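Before any comments, here is the structure.
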Amino acid sequence: MPVANAEIAEQLDKIADLLDIEGANTFRVRAYRRAARLVEGLPRGVADMLAAGEDLDDLPGIGRDLADKIAEIAKGGHLELLDQLAREVAPGITELLRLPGLGPKRVHLLQETLGIDSIAKLEAAAKAGRLREVPGIGPGTETRVLRAIAEGAAAAPRTKLAVAEQLALPLLAHIAQTPGVLHAQVAGSFRRRRETVGDLDIVAASASGEAVMRRFTSYENVAEVVEQGPTRATVRLRNGLQVDLRVVAEDSYGAALLYFTGSKAHNIALRQLAVERGWKLNEYGLFEGRKLLAGRTEAELYRRLGLATVPPELREDHGEVDAARRGKLPHLVALDDIRGDLHVHTTASDGTASLADMAAAARARGYAYLAVTDHSPRMAMVHGLDARRLGRQIDEIERLNAKLSGFTILTSIEVDILEDGALDLPDEVLRRLDLVVAAVHSRFNLPIAKQTERVLRAMDNRLLTIVAHPTGRLINERPAYEIDVERVLRGAAERGCFLEVNSQPDRLDLADTHCRLAKEIGVRLAISTDAHAPAQLEFIRFGLDQARRGWLEPADVLNTRDLAGLRALLRHRR
DNA sequence: GCCGTTTTCGGCCCGACTGTTTTCAGTCG
């Protein structure tokens with residue numbers, strides 16, 4: 001089994017942590033961290049890239065040395081550097097870094113002076129009141145550390161975007177209503193629309209920071225005020241999510257928004273541009289000496305740096321700065337471009353609303369079409385449709401369509417892809433449908449070659465139109481099944497079929513990096529909700545987020561076509 | 001450890017808050 005990119009990133013981060021504790025050159029440490037972020041964001045497996053003879057040295061921030069080390073990890077071999085570091089510095093020591101108030105310097109000092117190299121030893125020393133013997137550490141830090149350990153601070157999973165949204169928007173409204181607040185926005189990975197967020201970052205413009213801070217820290221959902229100053233405060237909400245608020249003057253609002261939206265890598269790239277021009281960029285603005293050149297809006301900051309405004313979703317230092325300089329940023333797909341939904345359920349299988357109600361909801365959204373895709377017989381527990389019941393549904397759709405004008409219900413099904421790649425209904429049944437959505441719902445544990453082959457086999461059937469939730473992952477619950485996404489995408493390109501971006505907040509499958517890979521390979525994607533209730537049609541926003549993060553433009557998306565355009569693409573496949 | 005029409009050496013992004021301090025290092029984002 002190939003070593004996953006996430007595992008490689010983890011090892012690189014581990015090396016960075018250990019080097020940091022050891023007191024290595026900070027730029028060397030930074031190089032490892034940068035490499036970890038890069039590997040994490042690659043759309044393809046490093047192992048595959050190496051097998052294809054690609055040189056990792058070509059990647060930005062990766063030189064000969066790191067390329068070799070990454071290759072060594074990817075081959076599953078022991079990394080000599082890591083072994084050596086683990087001998088010099090205790091291997092478990094890196095977990096101490098996750099505690100608040102403990103960074104590399106203090107962790108190093110704790111090991112030197114008290115021999116602490118694990119959470120258990122740290123806890124014992126803190127309880128004995130011995131941490132304060134270490135210079136720079138006092139009773140305050142000791143208490144914080146003990147509390148963090150008690151709360152199990154080590155494992156804080158990231159919050160799904162849809163959940164974060166439900167917490168962020170009411171809080172944002174609360175802050176925006178403070179007298180004197182001119183603007184307020186949620187920045188950070190939330191604004192970049194990453195699939196999960198580690199915390200929330202809110203930026204507000206106001207002349208009186210104290211008033212905003214008081215209102216923020218007294219918000220009813222705040223469980224704890226972690227830190228509070230005149231311009232910055234940190235709180236923890238009742239569910240544990242951390243929220244940072246930063247208040248700036250109106251003249252600096254754009255700069256602060258830019259800064260706190262990140263990503264960190266994007267900011268660094270922008271600052272380098274500023275430095276090249278002899279300027280300085282920080283959260284207060286773009287400066288020439290002490291003179292403010294820009295800061296009120298993001299747009300003017302980008303303009304002064306010679307760039308088109310980069311949409312937040314692209315700010316990952318994945319080529320967007322260069323594209324912005326050359327005027328080649330993509331025109332990202334947006335909600336207005338979506339003409340219909342190609343994956344929804346009704347009460348015929350596991351949906352909660354009737355066919356007529358789902359169609360009415362889609363029509364109310366301004367859509368031109370809706371493909372009804374209930375489950376196939378293999379999904380017995382949800383009463384999947386056999387040929388006869390599907391036939392009845394087709395009849396009902398014809399009756400409804402006859403009464404509707406300017407809106408069309410498309411006949412379809414979410415048919416199971418069986419273990420051998422066959423589809424769960426015979427071709428003569430599938431042939432009657434406008435389109436066929438197919439998905440893997442069983443045998444998630446096949447070896448990667450078999451799982452990949454299974455989906456490729458299914459795509460060999462020219463009646464299959466769209467592969468739904470192609471990796472099967474459930475965020476924070478279940479990892480993707482082992483499947484070679486790149487091979488599936490290339491297979492789809494060869495066969496002229498399509499893959500889905502499933503918009504369910506738990507799925508977001510394909511993921512952003514796979515969207516970008518699909519675009520590079522030339523596979524069009526359907527952004528669908530998999531709605532099981534009328535209100536879930538709204539989830540389309542979350543699928544769009546990931547599509548935008550993957551640089552997709554309207555032309556890359558199947559359901560931006562009007563009905564005639566969609567039918568033309570479907571015919572082409574058959 | 002990376003990188004280069006200013007450089008193959010000498011740079012590498014920037015500021016707020018905290019705690020433990022008598023002027024600042026470390027942490028954090």
Side-chain angles (χ1 to χ4, degrees), chain A residues 12 15-17 19-21 23-38 56-70 81 96-110 131-145 148 153 187-190 197-203 209 213 217 225-235 242-248 252 255-256 258-287 295 305 317 321:
Chain A
L12 293 170
I15 294 171
D17 284 343
L19 284 172
D20 216 354
I21 292 169
N25 179 323
T26 56
F27 298 106
R28 186 176 171 214
V29 175
R30 188 182 295 176
Y32 277 96
R33 293 208 196 287
R34 223 186 133 191
R37 298 292 77 75
L38 179 94
L56 303 176
D57 195 350
D58 295 339
L59 297 167
I62 306 294
R64 195 63 263 151
D65 186 89
L66 272 169
D68 288 345
K69 290 204 171 73
I70 292 170
L81 175 63
L96 300 182
L97 293 173
R98 288 202 291 270
L99 294 166
L102 294 189
K105 298 284 193 299
R106 283 180 189 154
V107 168
H108 179 78
L109 210 52
L110 283 168
L131 293 193
R132 62 189 79 176
E133 294 170 14
V134 178
I137 295 182
T141 303
E142 205 168 69
T143 314
R144 265 170 89 201
V145 161
S189 47
F190 181 90
V197 303
D199 62 13
L200 292 172
D201 300 286
I202 299 179
V203 180
M213 289 306 164
T217 54
V225 178
V226 179
E227 187 176 293
Q228 184 176 3
T231 66
R232 201 177 95 183
T234 300
V235 303
Q242 183 171 303
V243 188
D244 296 335
L245 172 65
R246 186 63 180 258
V247 181
V248 295
S252 295
L258 183 67
Y259 179 85
F260 288 102
T261 297
S263 66
K264 193 166 191 156
H266 180 80
N267 286 345
I268 289 171
L270 294 188
R271 284 183 183 187
Q272 276 162 352
L273 285 183
V275 169
E276 282 168 21
R277 289 161 169 75
W279 301 335
K280 183 176 72 171
L281 178 64
N282 60 27
E283 59 261 58
Y284 299 106
L286 182 64
F287 295 89
L305 291 170
D317 194 26
V321 174

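Worth saying up front: this structure is predicted, and the values here are computed from it rather than measured. Convention: sequence-line order gives letters A, B, ...; per-chain numbering from 1.
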Quiz item: Among the nucleotides B:dG26, B:dG1, B:dG29, which one has an atom lying closest to any side-chain atom of A:Lys69?
Solution: B:dG1
Practice problem: Figure out the CZ/P separation between A:Arg246 and B:dA16, and round it to whole Å. | Solution: 6 Å
Quiz item: Excluding sequence neighbours, so at least two apart, what forms side chain to side chain contact (heavy atoms under 4.5 Å, CB included) with A:Arg33?
Solution: A:Asp13, A:Ala16, A:Asp17, A:Asp20, A:Val29
Quiz item: According to a strict under-4.0 Å criterion, is A:Lys264 in side-chain N/O contact with OP1 or OP2 of B:dC28?
Solution: no
Quiz item: When the C1' atoms of B:dG10 and B:dA16 are considered, how many whole Å apart are they?
Solution: 30 Å
Exercise. Using atom CD of A:Gln272 as one end and atom C1' of B:dC2 as the other, report the distance to the nearest whole Å.
Key: 11 Å
Quiz item: In whole angstroms, how far is the C1' atom of B:dC13 from the NE2 atom of A:His266?
Solution: 14 Å
Quiz item: Do A:Arg232 and A:Asp244 come within less than 4.5 Å of each other through their side chains, counting heavy atoms only?
Solution: no
Quiz item: Can a side chain N or O of A:Gln228 be found less than 4.0 Å away from OP1 or OP2 on B:dA16?
Solution: no
Exercise. Round to a whole Å and report the spacing from CD of A:Glu276 to C1' of B:dT6.
Key: 11 Å
Quiz item: In Watson-Crick or G-U wobble terms, both distances under 3.5 Å, what is the partner of B:dT8?
Solution: none
Quiz prompt | Nucleotide nearest A:Tyr259 when distance is taken to its side chain, options B:dG29, B:dG19, B:dC12 | solution = B:dG29
Quiz item: A:Ile62 pairs by side chain to side chain contact (heavy atoms under 4.5 Å, CB included) with which of A:Leu66, A:Asp58, A:Asp65?
Solution: A:Leu66
Exercise. In whole angstrom, give me the gap between the P atoms of B:dT21 and B:dG26.
Key: 13 Å
Practice problem: Indicate, with a heavy-atom threshold strictly under 4.0 Å, whether A:Arg232 touches base, sugar-phosphate, or nothing. | Solution: base
Quiz item: Toward the 5' end of DNA chain B, which comes first, A:Arg28 or A:Leu281, by nearest nucleotide?
Solution: A:Arg28
Quiz item: A:Arg30 near the nucleic acid: base, sugar-phosphate alone, or nothing, with a heavy-atom cut-off under 4.0 Å?
Solution: base
Self-check item: Integer-rounded Å distance: B:dT27 C1' and A:Arg98 CZ
Solution: 17 Å
Quiz item: If we take the P atom in both B:dT18 and B:dC12, what is their distance in whole Å?
Solution: 29 Å
Exercise. Nearest whole angstrom, please: distance from the C1' of B:dG1 to the CG of A:Leu12.
Key: 12 Å
Quiz item: Picking from B:dG19, B:dC14, B:dC13, which would you name as closest to the side chain of A:Thr141?
Solution: B:dG19
Quiz item: Given the C1' atoms of B:dT5 and B:dG1, what is the spacing between them in whole Å?
Solution: 24 Å
Quiz item: Using the C1' atom in both, what is the distance from B:dC13 to B:dG29, to the nearest Å?
Solution: 13 Å
Practice problem: Could you check whether A:Gln242 gets within reach of a base, just the sugar-phosphate, or nothing at all, counting any heavy atom under 4.0 Å? | Solution: sugar-phosphate
Practice problem: Looking at every strand, decide which applies to A:Pro104 at a 4.0 Å heavy-atom threshold: base, sugar-phosphate, or nothing. | Solution: sugar-phosphate
Quiz item: Checking all strands, does A:Asp201 fall into the base, sugar-phosphate, or nothing category for heavy-atom contacts under 4.0 angstrom?
Solution: sugar-phosphate
Exercise. Sticking with atom P, work out how far B:dT6 lies from B:dC2, rounded to a whole angstrom.
Key: 23 Å
Practice problem: Measure the shortest side-chain to side-chain distance between A:Val134 and A:Arg106 over non-hydrogen atoms and say whether it is less than 4.5 angstrom. | Solution: no
Quiz item: Between A:Asn282 and B:dG15, is there a side-chain N or O to OP1/OP2 distance below 4.0 Å?
Solution: yes
Quiz prompt | Flag side-chain contact, heavy atom, 4.5 Å: A:Leu270 against A:Leu258 | solution = yes
Quiz item: Are A:Ile21 and A:Leu97 close enough that some pair of their side-chain heavy atoms sits under 4.5 Å apart?
Solution: yes
Exercise. Report the nucleotide, chosen from B:dG1, B:dG15, B:dC13, that has the shortest atom-to-atom distance to any side-chain atom of A:Val275.
Key: B:dC13
Quiz item: When we call it a touch if two heavy atoms are under 4.0 Å apart, what does A:Tyr32 touch: a base, just sugar-phosphate, or nothing?
Solution: sugar-phosphate
Quiz item: For the base of B:dG15, is there a side-chain donor-acceptor partner from A:Tyr284 under 3.5 Å away?
Solution: no
Quiz item: Taking CG from A:Leu96 and P from B:dC28, how many angstroms apart are they, rounded to a whole number?
Solution: 12 Å
Quiz item: Would you say A:Tyr259 and A:Arg271 make side-chain contact, with heavy atoms under 4.5 Å?
Solution: yes
Quiz item: Once you round it to whole Å, what is the distance between C1' of B:dG11 and CD1 of A:Ile268?
Solution: 15 Å
Exercise. Would you kindly compare A:Gly61 and A:Arg271 by the position of their nearest DNA chain B nucleotide and give the one closer to the 5′ end?
Key: A:Gly61
Quiz prompt | Phosphate contact (B:dC17 OP1 or OP2) by A:Thr231 side-chain N/O below 4.0 Å | solution = yes
